Undergrad: 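This is the structure I have questions about; it appears just below.
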Number of protein chains: 2
Amino acid sequence: MARSADPALAERRRREIVEAAMTCFRRRGFHQASMQEICAAAGMSAGALYRYFPSKADIIVAIAEEEHRDAEELIDAIANGADITQSLMTLVRDVVGRCVEDHPLTADVLAEAMRDTELAKRFREHVIHMQRRLAIAIAAGQRRGSVDLGINPETAARLVTVMIDGLILRAAVIRDDDPEALTAALRTFVDRLLKPGSGQVPRHIARMLTDSES
Amino acid sequence: MARSADPALAERRRREIVEAAMTCFRRRGFHQASMQEICAAAGMSAGALYRYFPSKADIIVAIAEEEHRDAEELIDAIANGADITQSLMTLVRDVVGRCVEDHPLTADVLAEAMRDTELAKRFREHVIHMQRRLAIAIAAGQRRGSVDLGINPETAARLVTVMIDGLILRAAVIRDDDPEALTAALRTFVDRLLKPGSGQVPRHIARMLTDSES
DNA sequence: ACCTGAACACCGTTCAAGT
DNA sequence: ACCTGAACACCGTTCAAGT
């Protein structure tokens, strides 16, 4: 990475490179895009680029860091929302929506994480962070009465994050999967998992419940 | 692929190549493994290999076909099981378990599908097939009374397949994620989604339900 | 200090030459 | 018909030479 006399310049160059690489990777994928392409997009020579990133793999680590930072900002935002059910729907729409744009980057990061120890470690920490934040938000929802008390917050958080991963993957590969059916399915998932006393109760019993308890 | 005078030889060679490639890809990943390595593992020259596969990309298409065929056999097997809840737990254990071995292949196939139209098409068809089979099995479960009538079979099938994708992804990247917690979470997911009249009903009401209806 | 771009070892793929 | 392996264009990375 070369000790720099001008940290501001170094930071600026790194951003230029990451930005250029993201454009190239989105267009052609991590392994299909060449360093020459990235150099051209960033407006610098190979030698200059290698002054700021010791290898192509390090560029994708920087991209993964950015993706994870973005996702964590999203989840921190919803963690403060009052209605956890609605917040989750919004979160998933945002995460999956953003992914539709960046699906190739996400898939590339994943595939690289399978080999790259550094990347795998960051991925792991990211998932753990997401899960913890969500568990806290769900527990808060339980105290507020907006989440069913019958479910363990850690369990719910685990299921939601796994579901989000699955949704991202699906949005990435199956671009035209019926989006309304998916949203409806997600609603069902969130309701059955989190809604206090959910729809499985027969109507006449549900009436008794509301009559006697609210 | 070269019209062959001996179709049996051609089939044998293709298998040798796919087998060799799977070994190499598992070890080093799709893009890290070189054609020279695959040739050496298959015991043939570059020219010979290219007689049977027109490109590296076509080898991964063959591998994806095999993965999909395996997964579809698994789902067809459970579709005939009596207890859909238990079958699903078994299915997930099998799919995720198999994946722990083949996670790098799965991730490589996914990342390639992001660029490779041919691969993406096969992926799409595979997901649709899985979903249809599962929906049929779930509908059968409803007729047998082992699945809650309050859920749409297509919706449930969609959620289960998305969840499976998420689980594969997680098993692939986060190898040491607490497996027991994951199994327990999955149990919760399946129960809340499919079990007739699940745990959200308060105990005194549940008692009334069983007293008056069964 | 920062940058250039030719050079290096290696990649996927081809094809003239062998049997 | 089937196979070999040197050759081709191109890859990620390095480094002597410039400013």
Side-chain angles (χ1 to χ4, degrees), chain A residues 1-25 27-63 108-109 111-112 115-116 118-119, chain B residues 1-25 27-63 108-109 111-112 115-116 118-119:
Chain A
M1 218 164 311
R3 282 271 130 249
S4 171
D6 184 351
L9 172 66
E11 197 39 57
R12 185 151 43 86
R13 285 276 180 278
R14 282 177 63 90
R15 267 242 66 77
E16 286 166 4
I17 293 165
V18 166
E19 222 74 60
M22 284 177 87
T23 308
C24 295
F25 292 163
R27 237 196 324 256
R28 310 221 301 129
F30 178 58
H31 288 285
Q32 282 73 9
S34 77
M35 289 304 255
Q36 293 300 337
E37 272 175 74
I38 299 170
C39 290
M44 66 184 79
S45 70
L49 189 153
Y50 274 87
R51 178 172 276 274
Y52 300 102
F53 281 96
S55 79
K56 204 184 188 184
D58 288 281
I59 301 181
I60 217 163
V61 168
I63 291 175
D108 284 343
V109 168
E112 286 308 299
R115 309 282 163 200
D116 188 323
E118 175 64 17
L119 211 48
Chain B
M1 215 164 314
R3 283 270 129 249
S4 170
D6 184 351
L9 172 65
E11 197 41 57
R12 186 151 42 87
R13 285 277 180 277
R14 283 178 62 89
R15 266 242 66 78
E16 287 165 3
I17 293 164
V18 166
E19 222 73 60
M22 284 177 87
T23 308
C24 295
F25 292 164
R27 232 187 337 246
R28 308 221 303 129
F30 179 58
H31 288 285
Q32 282 74 7
S34 77
M35 289 304 257
Q36 293 302 335
E37 272 175 73
I38 299 170
C39 290
M44 67 184 78
S45 69
L49 189 152
Y50 274 86
R51 178 172 276 275
Y52 300 102
F53 282 96
S55 78
K56 204 183 186 184
D58 287 281
I59 301 180
I60 218 163
V61 168
I63 291 175
D108 284 343
V109 167
E112 285 309 298
R115 310 281 162 199
D116 187 324
E118 176 64 17
L119 211 49

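Proteins get letters first, then strands, A, B, ... in listed order; numbering begins at 1 in each. If you're wondering where the values come from, they're calculated on a predicted model, not measured in any experiment. Heavy-atom basis, side chains included; hydrogens, waters and symmetry copies ignored.
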Undergrad: Donor-acceptor pair, distance only, cut-off 3.5 Å: does the side chain of A:K56 make one with the backbone of A:F30?
TA: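 Between the backbone of A:F30 and the side chain of A:K56 there is a qualifying donor-acceptor contact (under 3.5 Å).
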Undergrad: Check whether any side-chain nitrogen or oxygen of A:Y52 sits under 4.0 Å from OP1 or OP2 of C:dC2, and answer yes or no.
TA: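 Answer is no, no contact under 4.0 Å.
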Undergrad: Output yes when at least one side-chain N/O atom of A:Y50 is less than 4.0 Å from OP1 or OP2 of D:dT14, else no.
TA: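 Checking A:Y50 against D:dT14: no side-chain N or O falls below 4.0 Å of OP1 or OP2.
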Undergrad: Indicate whether OP1 or OP2 belonging to C:dC3 is found under 4.0 Å from a side-chain N or O atom of A:R13.
TA: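 Yes, A:R13 has a side-chain N/O under 4.0 Å of OP1/OP2 on C:dC3.
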Undergrad: From C-beta outward on A:L9, which listed nucleotide comes closest to its side chain: D:dT4, C:dC2, C:dT4?
TA: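 Ranking D:dT4, C:dC2, C:dT4 by closest atom to the A:L9 side chain puts C:dC2 first.
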Undergrad: Assuming nearest nucleotide by heavy-atom distance, tell me which of A:L49 and A:Q36 is located more 5' along DNA chain C.
TA: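 First, find each residue's nearest nucleotide; the 5'-ward one identifies A:L49.
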Undergrad: Quick one, B:E19 with B:R15, criterion salt bridge (charged side-chain N to carboxylate O under 4.0 Å, His left out). Give me CA distance, side-chain angles, the key distance, then yes/no.
TA: CA-CA 6 Å; B:E19 222 73 60; B:R15 266 242 66 78; 2.9 Å; yes
Undergrad: For D:dC15, give its Watson-Crick or G-U wobble partner with both distances under 3.5 Å, or none.
TA: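 With both distances under 3.5 Å, D:dC15 matches C:dG5.
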Undergrad: Which base sits across from D:dC10 as a Watson-Crick or G-U pair, both distances under 3.5 Å?
TA: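 Result: none.
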Undergrad: Among C:dT14, C:dT4, D:dC3, find the nucleotide with the atom closest to the side chain of B:A46.
TA: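 My answer, after comparing the listed nucleotides, is C:dT14.
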Undergrad: Among A:M22, A:E112, A:E118, which residue satisfies the side-chain contact (heavy atoms from CB on, under 4.5 Å) criterion with A:I60?
TA: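 Exactly one pass, corresponding to A:E112.
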Undergrad: Rounding to an integer number of Å, can you tell me how far B:E37 CD sits from C:dC10 C1'?
TA: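 Spelled out: CD on B:E37 to C1' on C:dC10 is 12 Å.
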Undergrad: With the side chain of A:R51 defined as its heavy atoms from C-beta on, choose the nearest nucleotide among C:dG5, C:dC2, D:dG5.
TA: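 For A:R51, the side-chain atoms sit closest to C:dC2.
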Undergrad: Where the side chain of B:S34 is defined as all heavy atoms beyond and including C-beta, which of C:dG12, C:dA1, D:dT13 is the nearest nucleotide?
TA: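 Looking only at heavy atoms from C-beta outward on B:S34, the closest nucleotide is C:dG12.
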